[in-house]
Amino acid sequence: QVQLAESGGGLVQAGDSLRLSCAASGLTFSMYAMGWFRQAPGNEREFVAVISRRSGTIAYADSVKGRFTISRDNAKNTVWLQMNSLKPEDTAVYYCAARFRLNPSRSDPSRSPTDYAYWGQGTQVTVSS
């Protein structure tokens with residue numbers, strides 16, 4: 001079975017950094033675009049970042065651009081989200097997600113949660129002021 005397992009969340013102060021990890025199993029990792037999404041209480045799940053199969057294309061939400069970095073290592077079946085200069089508004093449960101890409105298109109990677117078939121359980125990130 002496909003499993004995605006996030007880790008690395010925690011409680012930090014504004015301005016601090018965290019590095020989230022997502023370990024994948026049960027799938028051919030290199031065949032999937034990988035995304036990070038987040039959801040705060042009362043809010044819809046929102047896009048954070050996405051990275052293509054071979055890391056050739058990366059996209060970020062405007063709210064995190066310049067502060068967050070997504071990366072992956074297909075040999076390790078792992079995708080990371082490095083979060084710097086954290087703000088209280090970054091507080092949310094962070095999820096990694098996988099989108100199967102047998103024949104990748106030339107368009108930008110999807111930012112829509114509905115396009116991702118597999119999801120982790122999430123990891124809590126709390127940023128205090």
Side-chain angles (χ1 to χ4, degrees):
Q1 62 179 14
V2 174
Q3 293 189 69
L4 304 178
E6 303 97 335
S7 62
L11 173 62
V12 298
Q13 289 188 282
D16 285 351
S17 297
L18 279 175
R19 185 175 179 84
L20 306 183
S21 297
C22 175
S25 61
L27 80 178
T28 303
F29 187 68
S30 62
M31 296 285 284
Y32 293 80
M34 298 297 298
W36 284 98
F37 297 80
R38 66 187 183 186
Q39 188 166 22
N43 290 12
E44 295 184 340
R45 188 164 299 188
E46 68 172 342
F47 167 79
V48 175
V50 62
I51 186 167
S52 61
R53 288 170 55 187
R54 296 190 292 179
S55 303
T57 304
I58 292 173
Y60 298 97
D62 289 343
S63 59
V64 307
K65 196 170 300 180
R67 300 188 298 120
F68 290 11
T69 303
I70 189 172
S71 60
R72 69 188 293 165
D73 187 336
N74 289 344
K76 296 182 177 180
N77 285 185
T78 302
V79 60
W80 296 272
L81 184 68
Q82 177 68 45
M83 305 184 295
N84 297 328
S85 302
L86 283 163
K87 305 174 180 179
E89 50 262 47
D90 295 319
T91 295
V93 176
Y94 283 71
Y95 300 90
C96 69
R99 187 189 187 204
F100 182 64
R101 300 274 77 199
L102 179 61
N103 301 116
S105 71
R106 291 283 196 266
S107 61
D108 289 341
S110 175
R111 302 182 178 216
S112 174
T114 62
D115 286 337
Y116 292 77
Y118 302 109
W119 294 82
Q121 294 299 305
T123 185
Q124 177 71 47
V125 172
T126 303
V127 185
S128 63
S129 61

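Just so it is clear, the values below take in all heavy atoms, side chains as well, and ignore hydrogens, waters and symmetry mates. One-based numbering along the sequence shown. Source: prediction; values computed, not measured.
In terms of hydrophobic clustering, with Ile, Leu, Val, Met, Phe, Trp and Tyr side chains grouped at heavy-atom distances under 4.5 Å, Tyr95 and Leu81 are assigned to different clusters. Hydrophobic clustering, with ILVMFWY side chains joined whenever heavy atoms are under 4.5 angstrom apart, keeps Trp119 apart from Val125. Cluster membership check: Phe37 does not share its hydrophobic cluster with Leu86, using side-chain heavy-atom separations under 4.5 Å among Ile, Leu, Val, Met, Phe, Trp and Tyr. Trp36 and Val93 are assigned to two separate hydrophobic clusters, defined by single-linkage of ILVMFWY side chains at heavy-atom distances under 4.5 Å.
The closest donor-acceptor contact from the side chain of Tyr116 to the backbone of Ser110 lies under 3.5 Å. Between the side chain of Thr78 and the backbone N or O of Ala23 there is no donor-acceptor pair closer than 3.5 Å.
For Pro88 against Ser129, the heavy-atom pair with the smallest separation is CG-CB, 4.0 Å. Scanning both residues, Tyr60 and Ile70, for their nearest heavy atoms gives OH-N, 3.0 Å. Pairing each heavy atom of Leu4 with each of Ala24, the nearest pair is CD2-CB, 3.5 Å. Smallest separation of non-hydrogen atoms from Val2 and Gly26: CG2-O, 3.4 Å.
The distance from atom CG of Asp73 to atom OG of Ser21, rounded to the nearest 0.5 Å, is 11.5 Å. Leu18 CG to Phe68 CZ: the interatomic distance, rounded to the nearest 0.5 Å, is 9.0 Å.
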Inset, instruction - Evaluate side chain to side chain contact (heavy atoms under 4.5 Å, CB included) for Met83 paired with Tyr94, printing each intermediate quantity in order. - result: CA-CA 11 Å; Met83 305 184 295; Tyr94 283 71; 3.8 Å; yes

Inset, instruction - Run the numbers on Met34 and Arg99 for side chain to side chain contact (heavy atoms under 4.5 Å, CB included), then give the verdict. - result: CA-CA 6 Å; Met34 298 297 298; Arg99 187 189 187 204; over 6 Å; no

Inset, instruction - Apply side chain to side chain contact (heavy atoms under 4.5 Å, CB included) to Glu89 and Val127, showing your working. - result: CA-CA 8 Å; Glu89 50 262 47; Val127 185; over 6 Å; no

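A heavy-atom distance below 4.5 Å is found between the side chains of Arg19 and Ser71. The shortest side-chain heavy-atom distance between Gln82 and Trp80 does not fall under the 4.5 Å cut-off. A heavy-atom distance below 4.5 Å is found between the side chains of Met31 and Leu102.
Cation-pi geometry between Arg72 and Phe29 is satisfied (NZ or CZ under 6.0 Å from the ring centre, within 45° of the ring normal).
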Pairs under 3.5 angstrom only: tabulate donor-acceptor contacts from the side chains of residues 6-17 to other protein residues two or more places apart or in another chain.
from: Glu6; atom 1: OE1; to: Gln121; atom 2: N; distance (Å): 3.0
from: Glu6; atom 1: OE1; to: Gly122; atom 2: N; distance (Å): 2.8
from: Glu6; atom 1: OE2; to: Cys96; atom 2: N; distance (Å): 2.9
from: Glu6; atom 1: OE2; to: Gly122; atom 2: N; distance (Å): 3.3
from: Asp16; atom 1: OD2; to: Gln13; atom 2: N; distance (Å): 3.2
from: Ser17; atom 1: OG; to: Asn84; atom 2: OD1; distance (Å): 2.9

Let me check something: any side-chain donor-acceptor pairs from residues 45-54 under 3.5 Å, sequence neighbours excluded? List them with distances.
from: Arg45; atom 1: NE; to: Gln39; atom 2: OE1; distance (Å): 3.3
from: Arg45; atom 1: NH2; to: Gln39; atom 2: OE1; distance (Å): 3.3
from: Glu46; atom 1: OE2; to: Arg38; atom 2: NE; distance (Å): 2.7
from: Glu46; atom 1: OE2; to: Arg38; atom 2: NH2; distance (Å): 3.3
from: Ser52; atom 1: OG; to: Gly56; atom 2: N; distance (Å): 3.1
from: Ser52; atom 1: OG; to: Thr57; atom 2: N; distance (Å): 2.9
from: Ser52; atom 1: OG; to: Thr57; atom 2: O; distance (Å): 3.4
from: Arg53; atom 1: NE; to: Ser30; atom 2: O; distance (Å): 2.8
from: Arg53; atom 1: NH1; to: Arg101; atom 2: O; distance (Å): 2.9

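Other residues, nucleotides and ligands place more than 12 heavy atoms under 6.0 Å from the CZ atom of Phe100.
Salt-bridge check for Asp62 with Lys65: passed, with a basic side-chain N closer than 4.0 Å to an acidic carboxylate O.
A donor-acceptor contact under 3.5 angstrom links the side chains of Gln124 and Thr126, judged on distance only.
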